[in-house]
Amino acid sequence: MNPALTNSDAPVPTDYRSFFERSPALLCTAGFDGAFIEVNDAFARALGFEVDELLVHSITELVHPADRAATLQAMADVAGGADVCFDNRCRRRDGAFCWLSWSVRADAEHQLLYFSARDVTELRDHADVVDKLLAELERSNTDLAQFAYVASHDLSEPLRMVSSYVQLLAARYSGQLDADADEFIAFAVDGAARMKALIDDLLAYSRAGGSVVLRRRVDCGVLVRGALADLDRVVAESGAQVVVDDLPVVDGDPGQLALVFQNLLA
């Protein structure tokens, strides 16, 4: 046994010695009290220590105070016979903390804990960035939905006034002016109608985006028949013919699916 790697004469199987010393994995053994018995070079390098510097410490001395209780519990579970995996923050020699992901097994006969670890600091940092981006995206989506609601709600009234007056012009003066005037009025009526449809869709989007999705079994045929009933006057006035084949039963939010069918038919 290499005296530079151990501070104990505790019996350790020798068939893994070469692997232990040369492995790029962060390996160490400790007593059930957490005191280091041996560490490999990779473990020492990861924390910025020399091997002999680590051997005067215990694992728990290096653990971040906020993670210490959970680490002690994990070690107790391992000593009790469980195989445990956990993450914690460990102090480097420069005082900074790095995240290590541990796998631990116990050797009850020799009263040893076998630790294998890997540095997951970069992964944790990336996960934090992703979490922040997702939170920002959620806030942005909420702001967008709120803006869509306010904009569509505030635009509805002035558009209604414009639409009413252009429809009045069309009804009162159609055929009394020249062909160009009739065409211009028709363009205005059509534009107002399309703008109203866009505002209604925007308002519906803002409401759908802020609502809770309640998924359950939904008969699409029932939803389509309901949408047709709501649009009965529009269908009659347009002279449209709506043919509906058998539709499936699906998992979804009945309110939002109904809105989809109503907008599609409209």
Side-chain angles (χ1 to χ4, degrees), residues 1-140:
M1 185 175 296
N2 187 341
L5 296 181
T6 181
N7 65 358
S8 171
D9 294 327
V12 178
T14 59
D15 56 353
Y16 83 114
R17 173 55 54 197
S18 178
F19 167 78
F20 181 89
E21 293 177 354
R22 300 180 183 181
S23 174
L26 282 55
L27 303 176
C28 66
T29 61
F32 279 7
D33 60 356
F36 285 117
I37 293 175
E38 56 182 350
V39 300
N40 70 350
D41 287 336
F43 187 94
R45 286 196 305 271
L47 295 181
F49 289 95
E50 297 295 331
V51 169
D52 56 356
E53 291 179 308
L54 282 177
L55 294 178
V56 299
H57 294 288
S58 69
I59 290 177
T60 52
E61 290 174 349
L62 302 178
V63 174
H64 192 286
D67 300 336
R68 196 164 293 156
T71 300
L72 288 170
Q73 182 59 56
M75 292 170 56
D77 293 342
V78 173
D83 293 341
V84 175
C85 297
F86 62 94
D87 292 358
N88 65 17
R89 287 161 290 182
C90 285
R91 178 175 54 82
R92 294 174 47 85
R93 187 179 187 183
D94 60 9
F97 284 89
C98 60
W99 278 99
L100 297 183
S101 183
W102 300 85
S103 296
V104 191
R105 299 191 69 178
D107 180 350
E109 179 182 355
H110 299 100
Q111 294 288 290
L112 293 176
L113 297 176
Y114 291 87
F115 292 87
S116 174
R118 60 191 181 98
D119 191 330
V120 294
T121 305
E122 187 173 349
L123 292 175
R124 285 277 188 160
D125 289 343
H126 288 169
D128 289 342
V129 171
V130 170
D131 287 343
K132 290 178 182 177
L133 290 175
L134 288 175
E136 183 61 31
L137 179 60
E138 184 175 354
R139 285 194 297 270
S140 178

The criterion is side chain to side chain donor-acceptor pair (under 3.5 Å); which residues satisfy it with [X], sequence neighbours excluded?
X: Asp125; answer: none
X: Asp67; answer: Arg89
X: Arg93; answer: Glu53
X: Asp33; answer: none

Task: Non-neighbouring partners of His126 that pass ring pair (Phe, Tyr, Trp, His ring centres under 6.0 Å), sequence neighbours left out - done: none
TODO: Would you please name every residue forming a ring pair (Phe, Tyr, Trp, His ring centres under 6.0 Å) with Phe32, sequence neighbours left out?
DONE: none
For the residue pair [X] and [Y], what are the closest heavy atoms and their distance?
X: Leu26; Y: Ala42; value: CG-O, 4.0 Å
X: Phe97; Y: Leu62; value: CE2-O, 4.0 Å
X: Arg68; Y: Glu61; value: NH2-O, 4.1 Å

Open item on the list: Using side-chain hydrogen bond (donor to acceptor under 3.5 Å, both in side chains), reason through Gln73 and Asp77 one step at a time and then give a plain yes or no.
Closed with: CA-CA 6 Å; Gln73 182 59 56; Asp77 293 342; 2.9 Å; yes
Test item: [X] and [Y] side chains (from C-beta on) under 4.5 Å apart, heavy atoms:
X: Leu27; Y: Val39; value: no
X: Arg91; Y: Val63; value: no
X: Val51; Y: Asp41; value: yes

Open item on the list: Quick check: Phe36 with Phe43 (ring centres under 6.0 Å apart)?
Closed with: yes
Using distance only, find each side-chain donor-acceptor pair of residues 98-106 under 3.5 Å and give its atom names and separation, not counting sequence neighbours.
| residue | atom | partner | partner atom | Å |
| --- | --- | --- | --- | --- |
| Ser101 | OG | Asp87 | OD1 | 2.8 |
| Trp102 | NE1 | Asn88 | OD1 | 2.8 |
| Arg105 | NE | Asp83 | OD1 | 3.4 |

TODO: Hey, could you give me the SG/CZ distance between Cys28 and Phe20, rounded to the nearest 0.5 Å?
DONE: 7.0 Å
- [ ] Output yes when a side-chain donor or acceptor of Asn40 lies under 3.5 Å from a complementary backbone atom of Glu21, and no otherwise.
- [x] no
Open item on the list: Checking the side chain of His110 only, and the main-chain atoms of Leu112 only, is there a donor and an acceptor separated by less than 3.5 Å?
Closed with: no
Open item on the list: Using the salt bridge (charged side-chain N to carboxylate O under 4.0 Å, His left out) criterion, which residues pair with Asp128? Sequence neighbours excluded.
Closed with: none
Task: salt bridge (charged side-chain N to carboxylate O under 4.0 Å, His left out) involving Arg92 - partner list, sequence neighbours excluded - done: Asp94
- [ ] Output, in order, the C-alpha distance, side-chain angles, deciding distance and verdict of side chain to side chain contact (heavy atoms under 4.5 Å, CB included) for Met75 and Thr60.
- [x] CA-CA 10 Å; Met75 292 170 56; Thr60 52; 4.1 Å; yes
Task: Sequence-distant partners of Ala30, side chain to side chain contact (heavy atoms under 4.5 Å, CB included), two or more places apart - done: Ile59, Phe115
Identify each donor-acceptor pair in which a side-chain atom of residues 129-138 lies under 3.5 Å from a protein atom, sequence neighbours left out, and give them as a table.
| residue | atom | partner | partner atom | Å |
| --- | --- | --- | --- | --- |
| Glu136 | OE1 | Arg139 | NE | 3.4 |
| Glu136 | OE1 | Arg139 | NH2 | 2.4 |

